[in-house]
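Structure, as structure tokens:
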Amino acid sequence: MDPPEARSLHQTLQTLVAEASALPPASVQRQQILQEIYRRVMTAKKLWVEHEPYYGDALQDMWEYCFQHLDEYDPAIAGVTTWLNFCLKKQLRRHRDRWIRARDRKANPRLTDDGELLDPVDTLPARPGIEPTIDILETTLNWVKADSEGKLRATCFRKRPEINAQALFLLRFPDETPWQTIAGRFGLNSAEAQDLPKFYNRNCLPLLRNFGFSQGYIANPALKSRT
């Protein structure tokens with residue numbers, strides 16, 4: 001059985017995460033709570049430690065990821081520090097793989113046809129421009145806001161006309177408002193809050209996919225099966 005101080009930390013962190021999740025991502029209050037979570041976890045020294053050269057970078061990436069994806073934390077599955085350590089170990093594996101590849105490149109340098117050392121950066125594929133992505137997002141947002149056929153507004157959650165596909169799309173992208181925040185905004189109870197993401201995936205996303213098919217943004221599986 002955990003000692004009282006451990007249970008107290010566990011409960012405090014869960015409360016802080018719930019409070020932060022309910023606040024807008026850019027709000028001062030949310031940032032203050034995140035700082036408090038960071039302070040309490042680091043002071044308690046509950047995080048996994050490895051004496052590797054990339055540990056500091058992995059730790060920083062873990063904090064950034066978790067603070068940006070608080071909605072992924074499920075208190076019914078694990079405590080906050082357990083979740084943080086799970087994410088930290090994932091980042092460590094990613095950094096370890098990157099470190100091994102860099103070490104191997106140094107041990108086995110590649111040469112050009114003229115016998116000169118090839119910069120690994122020169123072998124990377126060119127990064128695609130961001131403009132097409134911005135254009136797709138802008139076109140999609142305009143489609144959501146216009147809803148010219150009224151299909152989005154007509155797709156409602158539990159006979160709540162204000163909770164419709166259009167409203168949910170505008171909340172979910174590009175800001176990816178956490179589901180817990182959306183549930184609080186619409187005053188949903190716990191059962192409704194659990195069903196809302198299911199409704200979104202089952203009833204709303206197919207509308208978005210059909211729009212993507214019509215614009216040529218994504219391939220239509222039905223068309224592929226005919227070829």
Side-chain angles (χ1 to χ4, degrees), residues 20-27 30 61-62 64-74 76-77 83 86-87 90-91 93-94 97-98 101 121 123-227:
S21 298
L23 294 169
S27 67
R30 179 180 174 120
D61 287 348
M62 178 276 289
E64 290 181 3
Y65 178 88
C66 290
F67 281 169
Q68 292 172 6
H69 299 82
L70 288 180
D71 57 308
E72 293 184 4
Y73 171 66
D74 187 349
I77 296 177
W83 176 60
F86 173 78
C87 294
K90 286 178 61 177
Q91 293 294 340
R93 287 194 296 270
R94 186 172 66 86
D97 292 343
R98 183 185 301 172
R101 288 195 298 270
V121 175
T123 67
L124 296 176
R127 184 178 181 182
I130 195 171
E131 288 82 5
T133 302
I134 295 176
D135 290 342
I136 291 174
L137 177 60
E138 183 176 357
T139 302
T140 304
L141 283 174
N142 288 337
W143 167 74
V144 171
K145 292 175 182 178
D147 189 20
S148 57
E149 298 180 0
K151 290 183 178 179
L152 303 185
R153 290 189 294 271
T155 305
C156 303
F157 175 72
R158 293 194 177 188
K159 298 182 180 180
R160 295 277 299 271
E162 75 278 16
I163 311 178
N164 55 60
Q166 182 188 55
L168 294 177
F169 283 150
L170 292 176
L171 287 168
R172 286 298 293 170
F173 63 89
D175 295 330
E176 294 187 4
T177 304
W179 286 114
Q180 187 172 357
T181 302
I182 296 175
R185 181 174 301 186
F186 290 115
L188 302 182
N189 59 39
S190 58
E192 291 170 334
Q194 289 181 357
D195 285 345
L196 184 60
K198 300 175 185 176
F199 164 81
Y200 180 83
N201 293 331
R202 184 172 57 248
N203 299 84
C204 302
L205 286 185
L207 299 173
L208 184 61
R209 281 195 293 270
N210 288 337
F211 174 75
F213 297 151
S214 69
Q215 299 297 308
Y217 298 151
I218 53 179
N220 192 330
L223 296 179
K224 280 186 175 183
S225 62
R226 297 174 188 171
T227 60

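These values consider heavy atoms only, across backbone and side chains, with no hydrogens, waters or symmetry-generated copies.
Rounded to the nearest 0.5 Å, atoms CD (Q166) and NZ (K145) are 10.0 Å apart. The distance from atom CZ of F86 to atom CE of M62, rounded to the nearest 0.5 Å, is 13.0 Å. A distance of 10.5 Å separates CG in L207 from OH in Y200, rounded to the nearest 0.5 Å. Annotation: the span from R209 atom CZ to C204 atom SG amounts to 10.5 Å, rounded to 0.5 Å. Note that the OG1 atom of T155 and the CZ atom of R153 stand 10.5 Å from one another [nearest 0.5 Å].
With contacts defined as side-chain heavy-atom distances shorter than 4.5 Å, the pair T181/L23 does not qualify. Looking at heavy atoms from C-beta onward, L208 lies in side-chain contact with T140 at the 4.5 angstrom threshold. L168 is listed as a side-chain neighbour of L196, based on a closest heavy-atom distance under 4.5 Å. Proximity of R158 to L188: side-chain heavy atoms (C-beta onward) are nowhere separated by under 4.5 Å.
In this structure, a donor-acceptor pair under 3.5 Å is absent between the side chains of Y73 and Q180.
Closest non-hydrogen pair, E192 versus F157, comes out as O-CZ, 3.6 Å. Nearest approach of L171 to R185, heavy atoms of both residues: CD2-NH1, 2.8 Å. Taking all atoms of both residues into account, the shortest heavy-atom contact from F199 to C156 is CE1-O, 3.3 Å. In terms of heavy-atom proximity, Q91 sits nearest to Y65 at NE2-CB, 4.4 Å. Shortest non-hydrogen contact noted between R94 and D61 is NH2-OD2, 2.8 Å.
Here the side chain of N210 pairs no donor or acceptor atom with the backbone of S214 at under 3.5 angstrom. Using a distance-only test at 3.5 Å, with no hydrogens or angles considered, no donor-acceptor pair links the side chain of N142 to the main chain of T139.
Counting non-hydrogen atoms of other residues, nucleotides and ligands closer than 6.0 Å to CD of E162 gives a total above 12.
Using the six-membered ring where Trp is involved, F211 and W143 have ring planes that are parallel, under 30° apart on the 30 and 60° scheme.
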